[in-house]
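These numbers were taken from a predicted model, which means no experiment stands behind them.
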Amino acid sequence: MAVQPTAGLSLILRLELQNSTATFGRLASTIGEAGGDIIAVDLISAGKETVVRDITVNVYDQAHGKKLVAALAALPGVKVINVSDRTFLMHLGGKIEVHPRVPVKNRDDLSMVYTPGVARVCEAIREDPSKVFQLTIKRNTVAVVSDGTAVLGLGDIGASAALPVMEGKAMLFKQFAGVDAFPICLDNKDPDAIVDIVTSMAPAFGGINLEDIASPRCFYIEDRLRERLDIPVFHDDQHGTAVVLLAGLLNACKVVGKRLEDLKVVVVGIGAAGVACTKILLHAGVRNIIGVDRSGALVRGEQYDNPVWQWYAEETNPEGLRGSLSDVIEGADVFIGVSAPGILRVEDVKRMAKDPIVFAMANPVPEISPEDAEPYVRVMATGRSDYPNQINNVLCFPGIFRGALDCRAREINEDMKLAAAEAIASVVGEDELSETYIVPSVFNKKVAKAVSRAVIEAAFRTGVARRERRDLLEV
């Protein structure tokens with residue numbers, strides 16, 4: 001699959017150039033011939049003999065960037081002063097900070113926000129613990145918790161290296177839903193210890209967003225925290241992916257004219273995301289799901305060392321199909337991939353049912369290249385932003401937590417997730433729906449509001465909301 005230069009791999013080259021159009025012409029030609037994409041040219045200083053410019057260039061990867069810089073350094077009349085990576089510049093000093101909501105301008109203000117006035121607020125919460133939601137940040141604050149064991153596609157890189165991702169997650173919470181989130185990266189891989197740590201710090205938070213925790217430990221940690229806490233616990237890698245997947249599938253079925261209950265669905269990759277996708281599809285009414293992992297299709301009656309696989313085998317594959325992906329994909333309406341690049345072959349797609357739907361969500365390289373699949377697939381979705389129909393968790397988690405916090409839900413249950421998926425799907429109007437537009441843009445401001453409203457309604461309907469409906473008028 002061809003890879004295009006992106007803003008995520010963008011360099012700012014500070015160059016001293018001989019002050020002539022010929023020099024700049026050679027520079028631009030060299031960048032183009034080397035495969036770079038010039039985004040901006042800025043003048044820094046100018047003299048009679050030389051000029052200093054910042055040239056912003058998109059490149060494929062770090063190796064490509066080094067090769068391009070070397071080519072420029074070899075040009076006559078060009079001196080490379082400095083090379084900056086725009087992504088690293090954006091991370092200098094971290095991406096988030098804390099701001100006070102009220103100013104402290106004098107001694108009187110200080111006496112109310114801190115001692116002695118704050119003591120009366122503490123006493124009020126001690127007498128009525130529910131007031132912590134009214135009088136502290138708890139009502140609007142989420143902990144983004146990771147142990148750094150399954151970060152993006154990088155794997156187990158540790159707590160410190162995971163911090164930039166968790167900061168980014170906190171930024172998205174704030175930008176898309178006004179939720180204050182804080183990254184908590186734990187230098188601990190003991191699931192029981194993680195449960196104890198998160199439980200101990202829970203009084204400061206209105207919700208817990210688990211992130212980038214390896215399977216199968218993520219299932220255990222989430223289950224134990226849900227048992228011990230009375231605030232929402234949501235593992236986004238599982239449930240966020242599942243919610244957006246279902247939203248896309250609801251609209252894809254409209255495009256191809258099929259019903260959920262009639263689908264044959266093959267899921268490849270029975271980890272955190274694959275299991276969650278399967279659970280929400282079953283809850284939504286899909287009856288025929290076959291899970292495939294490295295050992296082949298999971299089959300009822302077989303014994304598996306992984307207890308999650310054991311559950312999966314007992315709840316899916318009603319026809320007892322056996323074998324590899326190629327063996328079980330015959331006649332499938334939907335392929336869902338949360339696994340690895342190249343798993344799905346063109347020959348496999350050709351054997352699917354009429355108007356096949358393919359969700360190839362491995363990142364950054366999907367299970368099958370969209371270019372290869374296009375002639376044979378009716379609806380194609382990936383996890384990438386440079387192709388149509390991106391299955392992106394940002395469509396889900398900000399609105400889900402916004403709704404859960406606003407109604408003070410004790411948990412985020414299956415009905416709330418289903419409602420969120422339906423809300424995301426509903427943002428795409430009937431007049432907009434097409435093979436290349438089944439999920440809205442992550443920048444569509446209607447999404448978080450629609451998801452929040454739907455989640456609140458589902459929370460009240462299922463009895464997990466702790467606020468009165470009339471109180472929500474204050475939100």
Report yes if some heavy atom in the side chain of [X] is under 4.5 Å from a heavy atom in the side chain of [Y]; otherwise report no.
X	Y	value
Leu72	Ile31	yes
Lys189	Asp156	yes
Val145	Asn209	no
Leu433	Lys254	yes
Leu325	Val266	yes
Ile329	Met352	yes
Val377	Ile357	no
Ile424	Leu246	no

Is a side-chain N or O of [X] found less than 3.5 angstrom from the main chain of [Y], in a donor-acceptor match?
X	Y	value
Ser452	Ala448	no
Thr149	Ala214	yes
Asp327	Ser324	yes
Arg402	Ala177	yes
Asn413	Met416	yes
Asn389	Met380	yes
Ser426	Ala423	yes
Trp309	Leu298	no
Asp147	Cys185	no
Asp212	Ser146	no

Where do Asp180 and Val142 land on the side-chain contact (heavy atoms from CB on, under 4.5 Å) test, with the steps shown first? CA-CA 6 Å; Asp180 296 316; Val142 169; over 6 Å; no
So does Asp431 have more than 12 non-hydrogen atoms from other groups sitting under 6.0 Å from CG? yes
How about CE on Met90, more than 12 heavy atoms from neighbouring residues, nucleotides or ligands closer than 6.0 Å, or not? no
Hey, what do you get for [atom1] ([X]) to [atom2] ([Y]), rounding to the nearest 0.5 Å?
X	Y	atom1	atom2	value
Gln238	Leu210	CD	CG	8.5 Å
Asp37	Thr56	CG	OG1	11.0 Å
Ile336	Ile289	CD1	CD1	7.0 Å
Leu229	Phe205	CG	CZ	12.0 Å
Leu405	Ile400	CG	CD1	11.5 Å
Leu245	Ile391	CG	CD1	6.5 Å

Return the minimal non-hydrogen interatomic distance between [X] and [Y], and the atom names on each side.
X	Y	value
Ala404	Ile412	CB-CG1, 4.2 Å
Val451	Cys396	CG1-O, 4.2 Å
Gly178	Asn140	O-ND2, 3.0 Å
Ala297	Ile290	CB-CG2, 4.0 Å
Ile343	Ala340	CG1-O, 3.0 Å
Asn393	Gly240	OD1-C, 3.7 Å

Which pairs pass salt bridge (Lys or Arg N to Asp or Glu O under 4.0 Å) with one or both residues in residues 347-359, sequence neighbours excluded?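 Only Glu330-Arg351, Arg345-Asp348, Asp355-Arg378 qualify under salt bridge (Lys or Arg N to Asp or Glu O under 4.0 Å).
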Check the side chains of [Y] and [X] for a donor-acceptor pair under 3.5 angstrom, ignoring hydrogens and angles.
X	Y	result
Asn58	Ser10	yes
Asp293	Ser295	no
Gln62	His64	no
Asn251	Tyr437	no

If the threshold is 4.0 Å, N to carboxylate O, is there a salt bridge linking Asp42 and Arg53?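 No salt bridge links Asp42 with Arg53.
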Lys/Arg N to Asp/Glu carboxylate O, Asp54 vs Arg14, below 4.0 Å: yes
Are Ser339 and Glu367 close enough, and set up right, to give a side chain to side chain donor-acceptor pair (under 3.5 Å), and what steps lead you there? CA-CA 7 Å; Ser339 52; Glu367 284 80 0; 3.0 Å; yes
Step by step, work out the side-chain contact (heavy atoms from CB on, under 4.5 Å) result for Ser45 and Val51. CA-CA 6 Å; Ser45 63; Val51 62; over 6 Å; no
Take Leu260 and Leu263 through the test side-chain contact (heavy atoms from CB on, under 4.5 Å) and record every step on the way to the result. CA-CA 5 Å; Leu260 288 179; Leu263 298 176; 3.9 Å; yes
Stepwise side chain to side chain donor-acceptor pair (under 3.5 Å) check, Ser20 with Gln18: CA-CA 6 Å; Ser20 72; Gln18 285 186 351; 5.1 Å; no
Which donor-acceptor pairs under 3.5 Å do side chains of residues 162-170 form with protein atoms, sequence neighbours excluded?
residue, atom, partner, partner atom, Å
Glu167, OE1, Lys95, N, 2.7
Lys169, NZ, Glu211, OE1, 3.2
Lys169, NZ, Glu211, OE2, 3.2
Lys169, NZ, Asp236, OD2, 2.4

Do Arg217 and Phe219 meet the cation-pi criteria used here (NZ or CZ under 6.0 Å from the six-membered ring centre, within 45° of the axis)? no
Evaluate side-chain contact (heavy atoms from CB on, under 4.5 Å) for Arg86 paired with Leu11, printing each intermediate quantity in order. CA-CA 6 Å; Arg86 287 179 62 206; Leu11 304 177; over 6 Å; no
Pair Phe173 and Phe397, ring centroids less than 6.0 Å apart: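 Yes; Phe397 has its ring centre under 6.0 Å from that of Phe173.
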Could you check Asn306, Val267, Asn317 and say which one makes a side chain to side chain contact (heavy atoms under 4.5 Å, CB included) with Tyr312? Val267
May I ask you to decide if the ring planes of His239 and Phe234 are parallel, tilted or perpendicular, using 30° and 60° as cut-offs?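 Answer is tilted, since the angle falls between 30° and 60°.
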